Amino acid sequence: TAPDLREAQRYIMQEAESDPVMLLYLAYLTERGSTGPADSAATLDHLRRASERGNATATALLAQASELGLLGAERDEAAAYAAYARLAEG
């Protein structure tokens, strides 16, 4: 049988409350439209929350979105630079 992506999303959303890696995966599903229409605003929100919880990959993706104006993010090179600098500091 085919995988139930909506059920997977519910599980991921539940786990994302305590796990920033699951928030990152939820952002991926949301951006791809795997369980419904793609939603850039929700994708950015998931990435922000994951980044705030210390997920470096989410921070890098947000920096790219700010630098290049991806996912409907406002282009902000200063914010991108600040995020890249935080990543470099470790």
Side-chain angles (χ1 to χ4, degrees):
T1 63
D4 184 349
L5 293 177
R6 289 195 188 277
E7 182 61 30
Q9 184 180 28
R10 280 190 286 278
Y11 170 78
I12 292 165
M13 288 176 75
Q14 180 181 357
E15 292 300 310
E17 294 302 317
S18 61
D19 185 348
V21 173
M22 293 303 262
L23 265 173
L24 181 64
Y25 189 61
L26 184 58
Y28 171 79
L29 289 176
T30 305
E31 190 268 333
R32 301 293 254 182
S34 295
T35 58
D39 186 341
S40 295
T43 299
L44 287 171
D45 181 58
H46 298 319
L47 289 173
R48 281 187 193 101
R49 290 174 45 215
S51 176
E52 289 167 0
R53 294 181 186 177
N55 187 290
T57 302
T59 301
L61 291 171
L62 281 173
Q64 287 178 333
S66 291
E67 179 183 9
L68 303 172
L70 303 173
L71 297 170
E74 198 168 313
R75 195 163 184 197
D76 185 343
E77 291 179 0
Y81 177 81
Y84 290 133
R86 282 193 309 276
L87 286 168
E89 292 171 0

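Numbers here are sequence positions counted from 1. No experiment lies behind these values; they were computed from the predicted model shown.
- The hydrophobic cluster containing Met22 also contains Tyr28, counting ILVMFWY residues as joined when their side-chain heavy atoms lie under 4.5 angstrom apart, directly or transitively.
- Taking Glu52 as the reference, nothing meets the salt bridge (Lys or Arg N to Asp or Glu O under 4.0 Å) condition, with sequence neighbours excluded.
- Closest heavy-atom contact between Ala58 and Ala50: CB-CB, 3.6 Å.
- Nearest heavy atoms, Leu44 versus Ala65: CD2-CB, 4.1 Å.
- Annotation: the span from Met13 atom CE to Leu23 atom CG amounts to 9.5 Å, rounded to 0.5 Å.
- Considering only residues two or more places apart in sequence or on other chains, Ala42 meets the side-chain contact (heavy atoms from CB on, under 4.5 Å) condition with Thr30, Asp39, His46.
- With sequence neighbours left out, the salt bridge (Lys or Arg N to Asp or Glu O under 4.0 Å) criterion links Arg75 to Glu77.
- The salt bridge (Lys or Arg N to Asp or Glu O under 4.0 Å) search around Glu17 returns Arg49, not counting sequence neighbours.
- In this view, Tyr11 satisfies the side-chain hydrogen bond (donor to acceptor under 3.5 Å, both in side chains) rule with no residue, not counting sequence neighbours.
- Checking side-chain atoms of Ser66 against main-chain N and O of Leu62 turns up a donor-acceptor pair under 3.5 Å.
- Separating the CG atom in Leu24 from the CG atom in Asn55 is a distance of 5.0 Å, to the nearest 0.5 Å.
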| query | side chain to side chain donor-acceptor pair (under 3.5 Å) between Glu67 and Tyr84: does it pass, once the steps are laid out? | reply | CA-CA 10 Å; Glu67 179 183 9; Tyr84 290 133; 2.7 Å; yes
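- For Arg10, the salt bridge (Lys or Arg N to Asp or Glu O under 4.0 Å) partners at least two apart in sequence or on another chain are Glu7.
- Note that CG of Leu47 is 7.0 Å distant from CG of Leu71, once rounded to the nearest 0.5 Å.
- The nearest pair of heavy atoms linking Asp19 to Arg53 is N-NH1, 4.3 Å.
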